[in-house]
Amino acid sequence: GNPFFPMAYGLLGGEGWDDLRAALYWETLRGYGAGDDIVDALTAPLRVFFTRDMGKGFEGSVGPLPLLGALAAFKIAGDRRTEARLALGFAGLYGLFWACTVVQARFLLVAVGPLLALLAVGVGALPQGRAAAVALLVGALAWGAGPIAHLWGRQPTASWLAGQPRDAALTQVLKESYTPLRELEELVPEGQRVWLVWMRGYTYYLRRPYRLDSVYEEWRLAALLEGCDDAAQVAPKLRAEGFSFLLINEQFFLKNGSADTRPGRTTALRARFEAAVARGDLRKVRAWGKITLYEVGGAP
């Protein structure tokens, strides 16, 4: 019932979410690209044009050309001056909104289009406009070479173009999901439900009914564990909710205070989960590195 879910939860609500997660998620989003201090936060709208950060912070590259478009707006004369001011004003206001919300490069793209349009008009008005356009294009390609190389290697594009088999390519790119989800079909009977925990929503190749939590991916399982008086109740509660299997990324599950809405909660819930495993109520079926498939004991 909330078209902006999981945002605006305090105003519009939404199922499967709550006030604490809404506040935590908002703080997480606000941390992107903001830097370490107030100066970094205030200069984010300028810094975003001069970074090629692909792994943290802005997580993307806008490049300096849109900024040149803003400068070009002050030089565009004649019957286009009003349009130039409107485009620049829109980009400026949106940039301010962006700086106060989620400071990732991809969310600034709404303002990039108008700025590049201003740049195109400004370059077209120059006596040597064609030469300037070529120079800017070469500069843009040079700027983008780093991010393109990063993505090329991460995909990995060269292997795919050289004829790498599809399964091998997907296994290499989706290391934590493709192989487990495909092999899971041999282990989980059709129609039986799987609870995914910290599998990060990579469900593209999963052909079994499943549950997962968005963003805080152990939230409901932690609540279920907390609602048990002892380890003996874990499997019956899972069965009562219709789950026969758990697929868990152990690297993140109940580790390093991940469920600490109060001190010590993660440690206590982890102990309860491990006690259920020790009882045989949660049986390890197969592991793929840090990914473990558990079968829930008891009658379906």
Side-chain angles (χ1 to χ4, degrees), residues 1-7 9 14-17 21 24-25 28-29 32 53-56 58-61 102 104-107 109 147-222 224 238 241-255 258 282 284-296:
N2 178 348
F4 304 106
F5 182 84
M7 306 303 296
Y9 179 81
E15 295 183 4
W17 207 241
R21 270 187 290 184
L24 291 172
Y25 189 44
T28 299
L29 292 177
Y32 284 107
D53 159 35
M54 298 295 288
K56 59 181 181 179
F58 295 115
E59 289 192 350
S61 178
V102 185
Q104 279 184 302
R106 59 190 172 127
F107 293 120
L109 294 181
I148 290 171
H150 171 82
L151 295 174
W152 185 279
R154 191 176 74 183
Q155 293 307 326
T157 312
S159 298
W160 172 255
L161 293 176
Q164 184 182 32
R166 180 176 181 274
D167 281 357
L170 289 170
T171 299
Q172 188 171 355
V173 175
L174 300 172
K175 297 181 177 66
E176 296 180 349
S177 60
Y178 181 72
T179 299
L181 295 184
R182 302 308 295 129
E183 295 184 2
L184 182 141
E185 292 182 21
E186 301 175 2
L187 305 168
V188 177
E190 189 171 352
Q192 295 201 9
R193 298 178 71 200
V194 184
W195 195 332
L196 305 183
V197 184
W198 285 118
M199 293 300 294
R200 296 190 271 193
Y202 298 157
T203 59
Y204 324 114
Y205 300 98
L206 177 57
R207 300 174 186 170
R208 295 291 182 267
Y210 64 89
R211 168 192 283 180
L212 62 83
D213 283 345
S214 175
V215 185
Y216 303 100
E217 297 190 33
E218 64 189 29
W219 196 269
R220 281 186 285 181
L221 184 55
L224 182 145
L238 287 168
E241 294 199 29
F243 293 99
S244 306
F245 293 87
L246 304 174
L247 186 66
I248 300 178
N249 188 334
E250 306 278 6
Q251 182 178 356
F252 307 109
F253 177 54
L254 295 176
K255 296 286 182 66
S258 59
L282 300 177
K284 291 185 180 181
V285 178
R286 184 176 296 182
W288 300 266
K290 295 289 186 179
I291 311 298
T292 305
L293 179 66
Y294 295 90
E295 184 174 12
V296 181

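Numbers for residues simply follow the sequence, beginning at 1. Worth knowing before you read on, the calculation uses all heavy atoms, side chains too, and leaves out hydrogens, waters and symmetry mates.
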(Q) Using 30° and 60° as the class boundaries, would you call the ring planes of Trp195 and Phe243 parallel, tilted or perpendicular? (A) tilted
Q) Do the non-hydrogen side-chain atoms of Tyr204 and Tyr178 ever get within less than 4.5 Å of each other? A) no
Q | Sub-4.5 Å side-chain heavy-atom contact between Glu217 and Val197 | A | no
Q: Calculate, to the nearest 0.5 Å, the distance between atoms CZ and CG belonging to Phe253 and Leu246 respectively.
A: 7.5 Å
Q: Not counting sequence neighbours, which residues clear ring pair (Phe, Tyr, Trp, His ring centres under 6.0 Å) with Phe245? List them please.
A: none
Q: To the nearest 0.5 Å, tell me how far Trp198 CH2 sits from Asp213 CG.
A: 9.5 Å
Q) Looking at side-chain heavy atoms only, is the closest gap between Gln155 and Trp160 below 4.5 Å? A) no
Q. Could you state the interatomic distance from CD (Gln251) to CD1 (Ile291), rounded to the nearest 0.5 Å?
A. 8.0 Å
Q) Are any of the side-chain heavy atoms of Val173 and Pro156 separated by less than 4.5 Å? A) yes
Q. Do the non-hydrogen side-chain atoms of Arg208 and Glu190 ever get within less than 4.5 Å of each other?
A. yes
Q: Nearest 0.5 Å please: distance from the CG atom of Leu206 over to the CE atom of Met199.
A: 9.0 Å
Q. So do the side chains of Glu176 and Asn249 get within less than 4.5 Å of each other, counting heavy atoms only?
A. yes
